[in-house]
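Taking it in order: structure first as C-alpha cells, then the write-up.
In what follows, residues are counted from 1 in the order of the sequence shown.
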Amino acid sequence: PWTKGGTRAIVEDDKFSAVEIVGKAVEYRALGIERFFAFSFKYHDEPNKRFGMMDRNFFPMRSMAAYTHLTRVLSGREYNGDLDMNGLFGAWRRRVFSDGETAVAVLYCGVREHYIPSLDLPAALPAPLKITGLDGRVLAEAGNRRIPLEDGIAYVYFREEELRPFLNT
C-alpha cells in the first residue's frame, strides 16, 4: 500500500511493495505452496491508502515487473534448500531453486529493517554465472563475488552441481 496522493506510489513505497510481494512468493514456493497471488494486481483506492501492481492509469509499477520476473526465474525450478554459508552475513533469506542444471539463489535482505547495500560471497562458494536484480536487469557479470542488494533481492545463478555441497536441505 502507499499513501493517498498522486497516481503512483513514490519510489520508496513502490520498491518496498515489490520486494515484499516477491519475498512472500519465494517463501511460499520454498514451503511447497503451489499458488500464490499477490494481494492486488489492479489499482485499488481506499480513503487513506492505495494498493495495486498497476497505477491509477493502468500502467505497471515496479512490483509488477518484479512479480513477472520472479515467475520467469522460478518456472521449471524446484526448491533445493537454503544456501548454508556462515560467512554469508546480511542476506536474511537464501532460498535456492534449480532446474537440474542451473541453481538460482534468491538472496533477500529487504529494503527497510534488514537492508544492506551489498554483500560479498565467501571464497568457498563457486563463482556465480550471473547476478540479476528484482526486475531481471543484470547487476553483475559472471565471476563477480560482490552481490549488489540495492533492490532488496538479488538472483544469483550457479551451476547446480557446484552449489550442491553448500545447500542446507
Side-chain angles (χ1 to χ4, degrees), residues 1-3 5-30 36 38-41 49-55 59-75 77 79-98 102-159 163 166-167:
W2 67 90
T3 55
T7 60
R8 302 179 66 85
I10 61 171
V11 172
E12 181 182 309
D13 291 342
D14 192 20
K15 196 173 182 181
F16 178 73
S17 179
V19 167
E20 294 306 306
I21 287 170
V22 168
K24 288 173 190 171
V26 168
E27 286 302 296
Y28 295 145
R29 181 74 179 269
F36 165 75
F39 172 69
S40 183
F41 167 77
K49 298 267 184 195
R50 293 186 172 148
F51 300 88
M53 296 167 77
M54 308 293 266
D55 69 11
F59 287 104
M61 296 199 307
R62 186 178 318 240
S63 55
M64 186 64 179
Y67 190 62
T68 56
H69 179 63
L70 174 70
T71 62
R72 278 193 304 268
V73 171
L74 296 187
S75 179
R77 289 191 165 93
Y79 174 64
N80 281 26
D82 292 350
L83 196 55
D84 186 26
M85 290 297 299
N86 291 334
L88 195 58
F89 297 112
W92 198 44
R93 298 274 188 247
R94 303 173 302 271
R95 308 297 187 211
V96 177
F97 300 85
S98 176
T102 305
V104 180
V106 184
L107 305 182
Y108 169 90
C109 71
V111 292
R112 291 189 180 159
E113 300 90 32
H114 306 285
Y115 175 75
I116 56 168
S118 67
L119 62 82
D120 292 321
L121 287 178
L125 273 178
L129 301 173
K130 72 176 175 178
I131 303 164
T132 64
L134 189 60
D135 57 4
R137 71 195 185 290
V138 175
L139 297 178
E141 297 300 327
N144 193 330
R145 303 193 72 77
R146 170 143 297 175
I147 311 297
L149 283 165
E150 289 91 4
D151 288 353
I153 286 181
Y155 300 98
V156 186
Y157 295 77
F158 298 93
R159 287 184 188 84
L163 195 63
F166 302 98
L167 294 180

Within 6.0 angstrom of Phe59 CZ, more than 12 heavy atoms from elsewhere: no
query: Are any of the side-chain heavy atoms of Tyr115 and Leu149 separated by less than 4.5 Å?
result: no
message: To check you understand the geometry: which heavy-atom pair defines the closest contact between Ile147 and Ala154, and what is its length?
response: CG2-CB, 3.7 Å
Ser17 side chain to Asp13 backbone, donor-acceptor under 3.5 Å: no
query: So Phe36 and Tyr28, would you call those rings parallel, tilted or perpendicular, with 30° and 60° as cut-offs?
result: tilted
query: Can you tell me how far NZ of Lys24 sits from OH of Tyr67, rounded to the nearest 0.5 angstrom?
result: 12.0 Å
statement: Residues Leu83 and Leu107: closest non-hydrogen pair is CD2-CD2, 4.4 Å
- line: OG (Ser98) and CG (Leu167) are apart, to the nearest 0.5 Å, by 8.5 Å
query: What heavy-atom pair brings Asp14 and Ser63 nearest, and what distance separates the two atoms?
result: OD1-N, 3.8 Å
Side-chain atoms of residues 125-137: list all donor-acceptor pairs with protein atoms under 3.5 Å, sequence neighbours left out, distances to 0.1 Å.
from   : atom 1 : to     : atom 2 : distance (Å)
Asp135 : OD1    : Arg137 : N      : 3.3
Asp135 : OD1    : Arg137 : NH1    : 2.7
Asp135 : OD2    : Arg137 : NH1    : 3.4
Arg137 : NH1    : Asp151 : OD2    : 2.9
Arg137 : NH2    : Asp151 : OD1    : 2.9
Arg137 : NH2    : Asp151 : OD2    : 3.1

query: Are any of the side-chain heavy atoms of Val111 and Glu20 separated by less than 4.5 Å?
result: no
query: Any side-chain heavy-atom pair from Lys15 and Arg112 closer than 4.5 angstrom?
result: no
query: So which heavy atom on Glu150 is nearest to which on Pro148, and how close?
result: OE1-CB, 3.3 Å
message: Please find the pair of heavy atoms, one from Tyr79 and one from Arg95, that lie closest to each other, and give the distance.
response: CE1-CD, 3.9 Å
message: I'd like to check the ring pair (Phe, Tyr, Trp, His ring centres under 6.0 Å) partners of Phe158; sequence neighbours left out, ordered by chain and number.
response: none
task: Kindly determine whether Tyr155 and His69 satisfy side-chain contact (heavy atoms from CB on, under 4.5 Å), including the steps that lead there.
output: CA-CA 10 Å; Tyr155 300 98; His69 179 63; 3.4 Å; yes
- prompt: How about Met61 and Asp55: do any of their side-chain heavy atoms sit closer than 4.5 Å?
  reply: yes
statement: For Ile153 and Gly23 the tightest heavy-atom approach is CD1-N, 3.8 Å
- prompt: How about Arg77: does its CZ atom have over 12 heavy atoms from other parts shown lying under 6.0 Å from it?
  reply: yes
message: Could you work out, with side chain to side chain contact (heavy atoms under 4.5 Å, CB included) as the rule, every residue matching Arg29, not counting sequence neighbours?
response: Leu74, Phe97
